[in-house]
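Here is the structure we will look at, set down as structure tokens.
Start at 1 with the first residue, then count along the sequence.
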Amino acid sequence: MENKRIHSLLYFANINRPNILANKYSTAPSLALLCMVMTGCDGLGQQIDALTGEQDKQVQTLIERTKAQMVFVEGGSFMMGDGGGPNNLPWTIARDNKPAHKVTLTSYSMGAYEVSYGDFDLYTAVNDLPRTMWTKWDKDEIWRAPEFPAGVSWYGAKNYCLWLAKLTQLPIDLPTEAQWEFAARNRGENILFATDSGWIEEGRNYELNTDYAEPSGTYPPNPLGFYDLSGNMIEWVNDWWAEDYYQHSPGQDPKGPKEGTKKVMRGGRFLESPRGSNVYTRQESDELDEAYRAKGFRCALNQSTKLSVQPN
């Protein structure tokens with residue numbers, strides 16, 4: 001089946017752990033690069049360290065591809081959480097995704113695909129960081145090739161998105177849990193899976209393979225244009241996790257608890273039963289420094305208008 005994703009061509013290094021609070025990075029692309037992908041370059045020279053010419057081109061390509069693959073999601077209101085299916089029974093037995101509660105979101109955009117090893121490896125190479133999933137047991141595996149979705153830590157995912165934000169001067173970050181669910185449910189529809197039909201049909205719109213994730217985009221997207229929000233890799237989001245958060249979540253653009261010890265993951269993974277890839281189940285992890293081959297991510301753009309992408 002044809003993979004519709006435009007993959008990165010380079011296969012560099014990967015994982016990360018820069019200082020998230022200070023948002024410090026060891027390198028950034030050249031002034032010429034940023035002037036090509038942004039408007040307004042006054043004063044940028046003092047903020048930018050030089051890259052090699054080849055990395056400059058690679059980062060430019062990554063930025064252009066990332067912007068082109070952002071899918072705009074018009075804001076609106078929906079009942080977030082498990083409010084039950086057609087028979088009025090809950091979709092899941094979990095307690096932390098109840099009660100369903102009204103949430104209103106400002107318009108935003110989110111990446112159509114899970115971030116690949118090729119793109120994440122470029123980020124770690126540019127910032128002189130160690131590769132993710134690069135032990136002697138991992139680096140020769142088929143799923144560690146550039147076109148496959150990257151297994152990363154929460155800090156790795158967070159800092160990759162913030163790196164893109166710094167390069168582009170755009171408000172790019174991990175999606176909130178509410179943004180993720182709204183997109184997965186086609187702006188709030190009462191469906192169970194984020195596939196083209198709302199159901200899983202293994203081999204047509206969901207992976208048959210259970211040994212490793214597939215390149216993001218192997219199967220059809222959901223109606224909004226997002227790939228692999230059900231299955232493949234479970235995805236990190238920005239929110240701290242709390243079991244009772246849905247009982248007192250704010251109604252406008254919720255961002256999760258102010259603090260915590262665990263981060264939320266959504267969407268299920270290839271290692272689990274397909275049933276676990278539903279759009280309501282919340283998983284959590286306190287292993288925020290540790291990368292794992294089944295934990296991936298995508299970035300979101302917190303801008304309420306469609307991103308203007310210049311044609312090549």
Side-chain angles (χ1 to χ4, degrees), residues 1-8 65-66 68-73 108-120 132-133 142-152 154 156-157 160-161 174-177 179-187 189 191-238 264-283 291-301:
M1 191 172 300
E2 181 183 0
N3 185 347
K4 299 178 182 177
R5 174 165 188 175
I6 306 171
H7 296 298
S8 66
R65 182 173 56 254
T66 299
Q69 293 174 350
M70 282 287 176
V71 176
F72 182 71
V73 182
Y108 61 99
S109 297
M110 193 167 76
Y113 303 93
E114 294 165 331
V115 173
S116 69
Y117 279 112
D119 288 348
F120 199 82
T132 192
M133 304 307 300
I142 186 173
W143 50 262
R144 188 52 183 82
E147 67 269 24
F148 286 79
V152 304
W154 183 84
Y160 175 93
C161 296
L174 283 175
T176 66
E177 184 179 15
Q179 288 174 332
W180 189 99
E181 185 173 318
F182 192 59
R185 290 174 53 190
N186 308 318
R187 300 186 66 251
E189 292 180 11
I191 57 173
L192 188 55
F193 299 103
T195 63
D196 58 343
S197 64
W199 299 99
I200 284 179
E201 302 169 60
E202 292 183 82
R204 190 194 71 80
N205 65 5
Y206 191 87
E207 67 263 18
L208 281 170
N209 168 57
T210 57
D211 294 329
Y212 48 83
E214 308 227 18
S216 190
T218 298
Y219 297 100
N222 79 346
L224 290 187
F226 294 102
Y227 296 85
D228 305 302
L229 288 175
S230 277
N232 218 39
M233 304 280 276
I234 198 165
E235 298 182 11
W236 292 110
V237 296
N238 219 14
V264 177
M265 302 178 293
R266 297 295 300 265
R269 67 190 95 190
F270 66 90
L271 292 169
E272 301 173 332
S273 163
R275 178 78 183 184
S277 295
N278 67 76
V279 296
Y280 300 103
T281 295
R282 309 170 72 212
Q283 296 193 46
Y292 182 55
R293 68 187 182 102
K295 295 178 181 178
F297 75 105
R298 66 188 75 211
C299 298
L301 172 64

### Task
Please step through side chain to side chain donor-acceptor pair (under 3.5 Å) for the pair N238 and E177, ending with a clear verdict.
CA-CA 7 Å; N238 219 14; E177 184 179 15; over 6 Å; no
### Message
Could you walk me through whether F148 and S116 satisfy the side-chain contact (heavy atoms from CB on, under 4.5 Å) test, starting with their C-alpha distance in whole Å, then the side-chain angles of each, then the deciding distance to 0.1 Å, before giving a yes or no?
### Response
CA-CA 5 Å; F148 286 79; S116 69; over 6 Å; no
### Task
Quick one: do Y212 and I142 satisfy side-chain contact (heavy atoms from CB on, under 4.5 Å)? Show the steps, please.
CA-CA 9 Å; Y212 48 83; I142 186 173; 3.5 Å; yes
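Minimum heavy-atom separation, A112 to G225: CB-O, 3.6 Å. The shortest heavy-atom contact between Y219 and E214 is OH-OE2, 3.3 Å. Heavy-atom minimum distance, P149 versus A213: CG-CB, 3.8 Å. Of all non-hydrogen atoms in P215 and T218, the two that sit nearest each other are O-OG1, 2.6 Å. Shown here for G156 and F120, the closest heavy-atom pair between the two residues is O-CE1, 3.4 Å. Contact detail for V237 and W154: the closest heavy-atom pair is O-NE1, 3.0 Å.
Rounded to the nearest 0.5 Å, atoms CG (L301) and OG1 (T66) are 11.0 Å apart. Interatomic distance, NZ of K295 versus CE of M233, reported as 10.5 Å (0.5 Å rounding). For the atom pair I191 CD1 and S230 OG, the distance stands at 7.5 Å (nearest 0.5 Å). Note that CE of M70 and OG of S109 are 7.0 Å apart. Values are rounded to the nearest 0.5 Å. Rounding to the nearest 0.5 angstrom, the gap separating the CD1 atom in I200 from the CG atom in L192 is 7.5 Å.
M110 is not listed as a side-chain neighbour of F72, based on a closest heavy-atom distance of 4.5 Å or more. No side-chain heavy atom of R266 sits less than 4.5 Å from a side-chain heavy atom of Q283. For the pair M133/Y117, a side-chain contact is recorded, criterion being any heavy-atom separation below 4.5 Å from C-beta on. The shortest side-chain heavy-atom distance between E207 and E202 does not fall under the 4.5 Å cut-off. Taking 4.5 Å as the limit, every side-chain heavy atom of V264 sits out of range of all side-chain heavy atoms of W180. No side-chain heavy atom of T281 sits under 4.5 Å from any side-chain heavy atom of R275. Annotation: side chain of P274 is not in contact with side chain of F193 (no heavy-atom distance under 4.5 Å). In this structure, R204 and S197 have side chains that are in contact, with non-hydrogen atoms separated by less than 4.5 Å.
Among residues two or more places apart in sequence or in another chain, the side-chain hydrogen bond (donor to acceptor under 3.5 Å, both in side chains) test is passed with W236 by none. With sequence neighbours excluded, the residues that form a side-chain contact (heavy atoms from CB on, under 4.5 Å) with A294 are R269, F270, L271, Y292. For S277, the side-chain hydrogen bond (donor to acceptor under 3.5 Å, both in side chains) partners two or more places apart in sequence, or in a different chain, are Y206.
No donor-acceptor pair closer than 3.5 Å links the side chain of S273 to the backbone N or O of G276.
Applying side chain to side chain donor-acceptor pair (under 3.5 Å) to N222 and the options D196, N186, N205, T195 leaves one that passes, N186.
A salt bridge does not link D228 with R298: none of the charged nitrogens is closer than 4.0 Å to a carboxylate oxygen. No salt bridge links E189 with R185; every basic N to acidic carboxylate O contact stays at or beyond 4.0 Å.
Relative ring orientation between Y108 and F182 is described as tilted, the plane-to-plane angle lying within the 30° to 60° band. The aromatic rings of Y113 and Y227 sit parallel to each other, their planes meeting at less than 30°, with 60° as the upper class boundary.
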